[in-house]
There are 2 protein chains.
Amino acid sequence: MSGYELAKTFDSSIGFFWKADHQQIYRELSKLRDRGHIEGHEVVQSGKPNKLVYTLTADGRAALRHWGARPSTPPMIKDDLLVRLCALDSFDVEPLRADLMARLEHHRDRFAHYERILNKLFPDGVATTVADTGKLLGLRIGLRHERMVAEWCEEALSAISKPPGVLLLEDCRRENNG
Amino acid sequence: MSGYELAKTFDSSIGFFWKADHQQIYRELSKLRDRGHIEGHEVVQSGKPNKLVYTLTADGRAALRHWGARPSTPPMIKDDLLVRLCALDSFDVEPLRADLMARLEHHRDRFAHYERILNKLFPDGVATTVADTGKLLGLRIGLRHERMVAEWCEEALSAISKPPGVLLLEDCRRENNG
DNA sequence: CCCGTTATTTACCGTAACGCGAAAAAGTCA
DNA sequence: TGACTTTTTCGCGTTACGGTAAATAACGGG
C-alpha cells in the first residue's frame with residue numbers, strides 16, 4: 001500500500017489498539033525503506049497524483065517472520081486512573097467518581113462497538129481462514145477487556161461511594177467466581 | 001522521600017503497572033523542583049552520605065489535586081501479540097503457540113502473585129481506610145486483568161491449534177456468559 | 001487563468017518518556 | 001589502601017510521538 005492508503009485504513013484495522021497519524025506512517029515507511037525492508041514503486045494514476053506503493057522485499061519478509069517469532073512483551077497497564085487510586089486519600093472523591101462513571105460509559109460503548117463488529121464480520125461466530133481466526137481472537141480480547149474494565153468500574157464506584165470498610169467478603173466471593 | 005528511597009520503594013508500590021529506574025526518578029524530581037512543585041531539604045545522616053528529602057510545596061499540593069481532578073485517558077492495549085494476530089497468516093504458528101503458552105503462564109503467575117498480596121494486605125477482603133480502598137481496587141483490577149488475559153490465552157491456544165472454523169458458537173456462548 | 005478542493009507526500013519543528021553507562025561524592029569496613 | 005554501600009548527577013542516546021505547514025499534482029468552476 002501507499003502511505004496515504006495506510007493512513008486511511010489504519011483506524012479500521014488495528015486502529016483500536018494502536019494509533020498513528022499520517023506523519024508517523026510516512027516516517028515509519030521511510031525507516032523501513034532505509035533499512036531495505038520495503039521498496040517503493042511509483043504507480044501512475046489518472047485524475048490524481050501518482051502514489052508510492054510500498055511492497056515487502058525478501059529481506060523485509062524475512063525480518064517480518066523473524067519479528068513474528070519473537071516472544072511478545074506483556075504490556076503494562078499504565079492507566080493514570082490507577083495511580084490516582086494508589087493515593088486515593090490525596091484527591092477529591094467527586095471528580096474521581098465522575099471520571100469512573102465516564103470510564104464506565106466509555107468501556108460499555110467500546111464493548112457494544114466490538115460486539116457490532118463481531119456480529120458483522122463473524123455472524124456465525126466462526127472464523128473460516130487463518131487470518132480471520134487472528135482477527136476474531138483480537139476482537140475477543142477486546143470484548144473481554146472492555147467488559148472486564150466496565151465491571152471493575154462498577155465495583156470501584158460502589159466502593160468509593162460507601163464509607164471505607166463496606167467492601168465485603170461477599171463482593172470478593174462474587175468477583176472471584178464471576 | 002529522597003530519590004534513593006523512592007527508587008527503592010517504587011517497585012513495591014505502583015511498580016506493577018509503572019516502571020522507573022533511579023535515573024528517571026531523579027530526572028522527574030528535578031523537573032518537579034524546577035516547577036516549584038517540590039522542595040528538597042538536605043537531611044544529615046551518620047554512617048551514610050546525606051540525603052535530599054523532597055516535600056510537596058503548597059503549589060505542588062494544589063497541582064496534585066488539580067491533576068487528580070482531571071479526567072483520565074483510557075489507555076490503549078498496545079500488545080504486540082495482537083498485532084501478530086492481526087496478520088496471523090504471515091507468521092509461523094509454532095513460535096506463536098509457544099509465546100501464547102509463555103504468556104498464559106506469565107499471567108497466571110501474576111494472578112497468583114496479586115492474590116498473595118491481597119491475602120496478605122487484606123486478609124478479610126475489607127479495606128478500612130480510604131487509602132486502603134484505593135489500593136484494594138488497584139489489586140482488584142490487576143487480578144481481573146490477569147485472569148481475563150489468561151483465559152483469553154487459553155481460548156487463543158485452542159483456536160490456533162485446531163484448523164480454522166472450529167471455533168464454534170459453543171465457545172462464543174460459553175465466553176459471553178462466563 | 002486563477003482558485004479552491006482533493007489526493008499524496010515531505011519537511012521541520014518540537015515533546016515526553018525513557019535506557020545506558022558512567023562517575024562523582026561521601027561514608028564504612030577490612 | 002582498596003572494596004563496597006549510599007546517594008546523587010551527567011551526558012549521551014533512542015522510540016514514539018504531535019503540530020504545522022508546505023510542496024506537489026490533478027481536477028473542476030467561475
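Predicted, not measured: the structure shown is a model, and the values here were computed from it. Sequence lines set the chain letters: A, B, ... in the order given, protein chains first and strands last, and positions in each chain run from 1.
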Peer 1: Let me see the working for B/L118 and B/L136 under side chain to side chain contact (heavy atoms under 4.5 Å, CB included), right down to the final yes or no.
Peer 2: CA-CA 8 Å; B/L118 181 73; B/L136 180 53; 3.3 Å; yes
Peer 1: Only counting residues at least two apart or in another chain, list the ones meeting salt bridge (charged side-chain N to carboxylate O under 4.0 Å, His left out) with B/R108.
Peer 2: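 Partners of B/R108 under the salt bridge (charged side-chain N to carboxylate O under 4.0 Å, His left out) test: B/E154.
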Peer 1: Who passes side-chain contact (heavy atoms from CB on, under 4.5 Å) against B/H106, sequence neighbours left out?
Peer 2: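 side-chain contact (heavy atoms from CB on, under 4.5 Å) list for B/H106, sorted by chain: A/P74, B/R110.
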Peer 1: Would you list the pairs meeting ring pair (Phe, Tyr, Trp, His ring centres under 6.0 Å) in which at least one residue belongs to residues 113-161 of chain B, sequence neighbours left out?
Peer 2: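 Found B/F16-B/H113, B/F16-B/Y114.
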Peer 1: Other hydrophobic cluster members with A/V53, side-chain heavy atoms of Ile/Leu/Val/Met/Phe/Trp/Tyr under 4.5 Å, chained?
Peer 2: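 Joined to A/V53, directly or through intermediates: A/V43.
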Peer 1: Taking any atom under 4.0 angstrom from a heavy atom of chain A, which nucleotides of DNA chain D are the first and last to qualify, 5' to 3'?
Peer 2: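 From 5' to 3', the first and last contacting nucleotides are D/dA16 to D/dC27.
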Peer 1: Taking only residues two or more places apart in sequence or in another chain, which ones pass salt bridge (charged side-chain N to carboxylate O under 4.0 Å, His left out) with A/D132?
Peer 2: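 Not a single residue meets the salt bridge (charged side-chain N to carboxylate O under 4.0 Å, His left out) criterion with A/D132.
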Peer 1: Take B/E115 and B/F111 through the side chain to side chain contact (heavy atoms under 4.5 Å, CB included) test and state the conclusion after the steps.
Peer 2: CA-CA 6 Å; B/E115 227 174 11; B/F111 182 82; 3.6 Å; yes
Peer 1: Indicate whether OP1 or OP2 belonging to C/dT10 is found under 4.0 Å from a side-chain N or O atom of A/Y26.
Peer 2: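 No, A/Y26 has no side-chain N/O under 4.0 Å of OP1/OP2 on C/dT10.
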Peer 1: Just the rounded figure in Å: distance from P of C/dA11 to CG of A/L29.
Peer 2: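 Rounded to whole Å, this separation is 14 Å.
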Peer 1: Can you pull the salt bridge (charged side-chain N to carboxylate O under 4.0 Å, His left out) pairs that have at least one residue in residues 37-53 of chain B, sequence neighbours excluded?
Peer 2: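 Pairs touching residues 37-53 of chain B that pass the test: B/E5-B/K51.
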Peer 1: Across nucleotides 15-20 of chain C, 5' to 3', mark each nucleotide with B, S or - according to how protein heavy atoms within less than 4.0 Å reach it.
Peer 2: --SBBB
Peer 1: Identify, residue by residue, the members of residues 59-76 of chain B with a heavy atom below 4.0 Å from DNA chain D, and return them in order of residue number, or none.
Peer 2: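 DNA chain D contact set from residues 59-76 of chain B: none.
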Peer 1: I'd like a table of donor-acceptor pairs (distance under 3.5 Å, sequence neighbours excluded) in which one partner is a side-chain atom from residues 22-29 of chain A, with atom names and distances.
Peer 2:
from: A/Y26; atom 1: OH; to: A/Y4; atom 2: N; distance (Å): 3.3

Peer 1: If a pair satisfies salt bridge (charged side-chain N to carboxylate O under 4.0 Å, His left out) and one of its residues is in residues 85-107 of chain B, list it, with sequence neighbours excluded.
Peer 2: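 Residue pairs passing salt bridge (charged side-chain N to carboxylate O under 4.0 Å, His left out), neighbours aside: A/R65-B/D92, B/D79-B/R103, B/E94-B/R97.
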Peer 1: Please enumerate all protein N or O atoms sitting under 3.5 Å from an N or O of nucleotides 26-30 of chain C, with distances to 0.1 Å.
Peer 2:
none

